[in-house]
Amino acid sequence: MTMVNEQFSDAFLLEAERHAAWGAAQLEALTRFMPEGPWTADLPSCLYRQGGLELRIAVLGTYDINEHSWMWGWANPGLRGSEVVALTGAVERYGRAHGIPEFTQETVDLSGFADPRRAAETLAFAGMGVAEAPGYLGLPAGPDTRVYFLPDDPQVPRAALDTVALPRELVTGASLIGRSARRVVTGYLEYHALPWREDGSRILTDLPGGGGAEVAFDAADRISGVRLTMT
């Protein structure tokens with residue numbers, strides 16, 4: 001899942017990086033959890049059904065394939081102010097508070113991107129992160145539209161901290177956007193409530209149960225190694 005970064009603002013890219021590592025792990029967890037089968041959604045009831053599973057959901061946004069544009073759920077004229085976009089409103093408020101234009105524009109023009117569909121996925125991914133949702137579901141809602149839902153249901157498992165998988169998850173997260181590997185690492189550690197400190201070209205953290213992790217960066221500020229220590 002490589003993402004795109006051309007034409008997005010620096011503020012947006014730095015925010016997306018903050019969620020990259022834990023978000024990618026969470027999407028894997030959601031994929032394992034979801035059953036196969038056709039889906040239906042009852043938007044007034046905020047309910048999504050697939051393969052015998054029923055989930056409470058929110059509408060994050062929609063992508064218009066022909067227009068190459070993204071519309072946030074909170075801005076959708078047919079849904080504005082309704083319960084099914086209440087969670088998405090947090091994305092708009094966060095954008096205003098932190099000066100991130102992609103979160104505050106009702107529609108985002110993606111026609112200038114080499115791959116507008118992938119740009120839409122990047123917006124969905126970052127929106128999921130800001131809302132602290134356990135993943136997102138991107139699905140065809142007609143021949144020219146994709147709809148993106150956020151699960152808003154405790155049934156969906158949260159990807160727990162796995163110290164064995166930590167190196168892989170950090171490296172994977174750093175490969176998605178490529179703006180700031182340090183933001184990837186610190187965002188992941190903060191999401192898992194792990195204290196961290198910088199020591200020159202390294203970020204250090206203590207792990208639950210003892211031991212720690214050391215993430216080293218090269219001269220270009222890329223992750224050059226992740227070392228786990230046990231006590």
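- Contact record, V184 with A20: CG2-CB, 4.2 Å, taken as the closest heavy-atom pair.
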**OP:** Give the C-alpha distance, both sets of side-chain angles, the deciding distance and a yes or no for side chain to side chain contact (heavy atoms under 4.5 Å, CB included) between R18 and Y188.
**Re:** CA-CA 7 Å; R18 195 165 69 87; Y188 178 89; over 6 Å; no
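- Between the side chain of T62 and the backbone N or O of V147 there is no donor-acceptor pair closer than 3.5 Å.
- Criterion: ILVMFWY side-chain heavy atoms under 4.5 Å apart, direct or through other members. Under it, M71 and F125 are not part of a common hydrophobic cluster.
- Hydrophobic clustering keeps L137 apart from V130 (ILVMFWY residues linked when any side-chain heavy atoms are closer than 4.5 Å, directly or through intermediates).
- Contact detail for P151 and G135: the closest heavy-atom pair is CD-O, 3.1 Å.
- For the pair R179/D10, a side-chain contact is recorded, criterion being any heavy-atom separation below 4.5 Å from C-beta on.
- The 12-atom threshold is exceeded at CD of Q105, counting heavy atoms of other residues, nucleotides or ligands nearer than 6.0 Å.
- A side-chain donor from one of Y63 and H68 sits under 3.5 Å from a side-chain acceptor of the other.
- Using the six-membered ring where Trp is involved, Y148 and Y136 have ring planes that are tilted, between 30° and 60° apart.
- The distance from atom CG of L207 to atom CG of L228, rounded to the nearest 0.5 Å, is 6.5 Å.
- For the pair W70/L60, a side-chain contact is recorded, criterion being any heavy-atom separation below 4.5 Å from C-beta on.
- With salt bridges taken as basic N to acidic carboxylate O contacts below 4.0 Å, none links R118 and E121.
- Looking only at atom types and distance, the side chain of Y48 has no donor-acceptor partner in the side chain of E54 under 3.5 Å away.
- At distances below 3.5 Å, not a single donor-acceptor pair connects side-chain atoms of E28 with backbone N or O atoms of A159.
- Of the inter-residue distances, the one linking C46 atom SG with L87 atom CG reads 10.0 Å to the nearest 0.5 angstrom.
- Judged purely by atom type and a 3.5 angstrom limit, S82 uses its side chain to pair as donor or acceptor with the backbone of L79.
- In this structure, the side chain of T104 does not engage the main chain of G95 through any donor-acceptor pair within 3.5 Å.
- Side-chain N or O atoms of E214 include none that pairs as donor or acceptor with a backbone N or O of I203 at under 3.5 Å.
- For the pair E106 and R80, the minimum side-chain heavy-atom distance is below 4.5 Å.
- Counting only heavy atoms from C-beta outward, the side chains of F33 and V156 approach each other to under 4.5 Å.
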**OP:** Could you please spell out the steps behind the salt bridge (Lys or Arg N to Asp or Glu O under 4.0 Å) verdict for R182 and E17?
**Re:** CA-CA 9 Å; R182 286 181 185 258; E17 289 278 43; over 6 Å; no
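- The structure places CG of L30 at 9.5 Å from CE of M128, a figure rounded to the nearest 0.5 Å.
- Nearest heavy atoms, V85 versus G81: CG2-N, 4.1 Å.
- A distance of 4.5 Å separates OG1 in T205 from CG in L194, rounded to the nearest 0.5 Å.
- Grouping the Ile, Leu, Val, Met, Phe, Trp and Tyr side chains by contacts below 4.5 angstrom, directly or via other members, places V91 apart from F149.
- Within the 4.5 Å cutoff, side-chain heavy atoms of Q50 are placed close to those of M34.
- At most 12 non-hydrogen atoms from other residues, nucleotides or ligands lie less than 6.0 angstrom from CD of E83.
- Two residues are said to be in side-chain contact when any heavy atoms from C-beta on lie closer than 4.5 Å; S180 and L14 meet this criterion.
- The aromatic rings of Y94 and H98 lie parallel to each other, with less than 30° between the two planes, well short of the 60° mark.
- One hydrophobic cluster, built from ILVMFWY side chains closer than 4.5 Å, cannot hold both L55 and L27; they sit in different ones.
- R49 has its side chain within reach of L47: a pair of non-hydrogen atoms, C-beta onward, lies under 4.5 Å apart.
- Tracing side-chain contacts under 4.5 Å through hydrophobic residues (I, L, V, M, F, W, Y), one reaches V59 starting from W39; they form part of the same cluster.
- Counting heavy atoms from C-beta outward, L170 and V215 have side chains that approach closer than 4.5 Å.
- Considering every non-hydrogen atom in both L53 and P35, the closest pair reads CD2-CD, 3.7 Å.
- Residues forming a side chain to side chain donor-acceptor pair (under 3.5 Å) with D153 (at least two apart in sequence, or on another chain): Q155.
- Between the CD atom in Q7 and the CG atom in D109 there is a gap of 8.5 Å [rounded to 0.5 Å].
- One N or O on the side chain of W72 and one on the backbone of E102 form a donor-acceptor pair closer than 3.5 Å.
- Between E132 and Y191, the side chains place no donor N or O within less than 3.5 Å of an acceptor N or O (distance only, hydrogens not considered).
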**OP:** Begin from the C-alpha positions of F103 and R93 and carry the test side chain to side chain contact (heavy atoms under 4.5 Å, CB included) through to its verdict.
**Re:** CA-CA 8 Å; F103 291 153; R93 291 190 296 274; over 6 Å; no
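- Cation-pi geometry between R202 and F217 is not met at under 6.0 angstrom from the ring centre and within 45 degrees of the axis.
- Taken from CG in L110 to CG in L123, the straight-line distance is 5.5 Å, to the nearest 0.5 Å.
- The nearest pair of heavy atoms linking W22 to G129 is CZ2-CA, 3.8 Å.
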